[in-house]
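Because the structure is a prediction, the values reported are computed rather than measured. FYI, side chains are in, hydrogens and waters are out, and symmetry mates aren't considered; it's all heavy atoms of this structure.
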Amino acid sequence: MKAKTKAALCLLLTLTLLLFGKAAFSQAYYPGGKIGSILSDLRDNMDTGGNGGQPLQFKLLSEISYGFRLNGKSAPFKTFFGDSPQFTINAIEVTYFPTDQLGVSLGADFRLDTFGSKTSAFGVETESGQIILSDVPSGLDSFYSRAAVMGASFPLRASVKFGYFKAVAGAELNWNMKGNTRQIAKAGNATTTQDIKKATIKPLSFDLSAALYFYNFGLYFKIYPQGSPVIPDYGRTCFHFNSYSLGVTLDL
């Protein structure tokens, strides 16, 4: 089974499990459980009008996003659309709408972010754990390499509703927990994969984001400033560049 097919099946399975889990959580806790009672009382105490009478709302597993990261012109390696997938799912979100049209939200998300390329090889130095770039070995029929970062994001966003549309914009603080690299090389009928699971990354970074929604479906755009790289440079400027990402998002 091809890697892209496996990824699509995993994404479909994840979405199914999340929808089932969210429904089960709602049935188990919200009707009469302790959590539902506490949140209901808190909303009632802060009810000042707007947003259907509930200006303060708590959401669990409320959004899932999938997109691709693209490099700026100053990047030392080439990446094409589809080489660097990005996956995000919301864990919890608190929203406050003082009016039906204007609001702010603070969330906590799980995030998987990748830097991928077919023309450069990502590796890790044994002693320092630093992610480095090298040339693709010769004599191969195809090659793909990527550096992946897993962690959490904490987006703070403002939103404006107008009819069936909603526009949001804000900033995200990223807590980068784990890094790794992978190389997939194919020569003839032989395919080899090399994984290095321990790579040095920067613990904190940030980005700017914006999205436009129609009903529950949205398109998002993120900018990653040059001054906030995820992967440390160590003076080599390998990952010290501007980048951005485009993708789709769905309210669950």
Ignoring hydrogens and geometry, is there a side-chain-to-backbone donor-acceptor pair from Thr200 to Ser128 under 3.5 Å?
yes
Can you confirm if the aromatic rings of Phe68 and Tyr66 lie within a centre distance of less than 6.0 Å?
yes
Is there a side-chain contact between Pro76 and Leu133 in this structure, where contact means two heavy atoms from C-beta onward sitting under 4.5 Å apart?
yes
Validate the cation-pi geometry between Lys222 and Tyr220: distance from NZ or CZ to the six-membered ring centre under 6.0 Å, angle to the ring axis within 45°.
yes
Qualifying residue for side chain to side chain donor-acceptor pair (under 3.5 Å) with Ser153, from Asp109, Asn174, Asn176
Asn174
If you measure from NZ on Lys202 to CG on Leu204, what distance do you get to the nearest 0.5 Å?
8.5 Å
Do Leu219 and Tyr224 belong together in a cluster built from hydrophobic side chains that touch within less than 4.5 Å?
no
Report whether Phe81 and Leu112 are members of the same hydrophobic cluster (ILVMFWY, side-chain heavy atoms less than 4.5 Å apart, transitive linking).
yes
Can a donor-acceptor pair be found, under 3.5 Å and without considering hydrogens, that links the side chain of Ser105 to the backbone of Val94?
no
Backbone of Ser62 reached by a side-chain donor or acceptor of Asn90 within 3.5 Å
yes
Counting distance only, does the side-chain N/O of Asp251 pair as donor-acceptor with the main-chain N or O of Glu63 below 3.5 Å?
no
For residues Lys161 and Asp100, report the shortest heavy-atom separation together with the two atoms involved.
CD-O, 3.5 Å
Can a donor-acceptor pair be found, under 3.5 Å and without considering hydrogens, that links the side chain of Thr114 to the backbone of Gly116?
no
Which heavy atom in Val136 sits nearest to a heavy atom in Lys118, and how many Å separate them?
CG2-O, 4.0 Å
Could you check whether any side-chain heavy atom of Phe115 comes within less than 4.5 Å of a side-chain heavy atom of Ile231, counting everything from C-beta outward?
yes
Mind checking the CG-OH spacing from Leu70 to Tyr244? Nearest 0.5 Å is all I need.
4.5 Å
Using atom types as modelled and distance alone, determine if a side-chain donor or acceptor of Asp207 lies under 3.5 Å from a backbone N or O of Ile223.
no
Identify the heavy atoms of Ile201 and Met177 that sit nearest to each other, and give their distance.
CD1-C, 3.8 Å
Quick check: is Phe87 connected to Phe221 through a chain of hydrophobic side chains (ILVMFWY, heavy atoms under 4.5 Å apart)?
yes
Common cluster, Val160/Phe214, ILVMFWY with side-chain heavy-atom separation under 4.5 Å
yes
Tell me the closest heavy-atom pair linking Leu212 and Phe165, and the distance in Å.
CD1-CD2, 4.5 Å
Could you tell me whether Phe77 and Phe241 have their ring centroids closer than 6.0 angstrom?
yes
Any chance the side chains of Ser65 and Thr249 put a donor and an acceptor closer than 3.5 Å?
yes
Examine distances only and state if a side-chain atom of Ser228 and a backbone atom of Phe206 form a donor-acceptor pair shorter than 3.5 Å.
yes
Working to the nearest 0.5 Å, report the span between CD of Glu93 and CZ of Phe58.
11.5 Å
Show the numbers, then the answer: is there a side-chain hydrogen bond (donor to acceptor under 3.5 Å, both in side chains) between Gln86 and Ser245?
CA-CA 8 Å; Gln86 182 179 75; Ser245 64; 3.2 Å; yes
If you draw a 6.0 Å radius around CZ in Phe162, do more than 12 non-hydrogen atoms from other residues or ligands fall strictly inside?
yes
Could you tell me if the side chain of Ile64 sits less than 4.5 Å from the side chain of Thr88, heavy atoms only?
no
Would you say the side chain of Thr95 lies within less than 4.5 Å of the side chain of Leu56, judging by non-hydrogen atoms?
no
For the residue pair Ser205 and Val230, what are the closest heavy atoms and their distance?
OG-CG2, 3.8 Å
Quick one: OG on Ser117 to CG on Asn71, what's the gap to the nearest 0.5 Å?
8.0 Å
Salt bridge present between Arg182 and Asp195 (N-O < 4.0 angstrom)
yes
Does this structure show an ion pair linking Asp113 with Arg111, if we count only N-O contacts that are shorter than 4.0 Å?
yes
Over all atoms of both residues, closest heavy-atom pair of Arg157 and Val168
NH1-CG2, 3.7 Å
Is Arg146 close enough and on-axis enough to Phe122, meaning under 6.0 Å and within 45°, for cation-pi?
no
Roughly how far, to the nearest 0.5 Å, is OG of Ser209 from CG of Leu156?
9.5 Å
Do Lys166 and Tyr213 meet the cation-pi criteria used here (NZ or CZ under 6.0 Å from the six-membered ring centre, within 45° of the axis)?
yes
Could you see if Ile196 belongs to whatever hydrophobic cluster contains Phe143? Use Ile, Leu, Val, Met, Phe, Trp, Tyr and a side-chain cutoff under 4.5 Å.
no
State the CD-CD1 distance between Glu125 and Ile132, to the nearest 0.5 angstrom.
4.5 Å
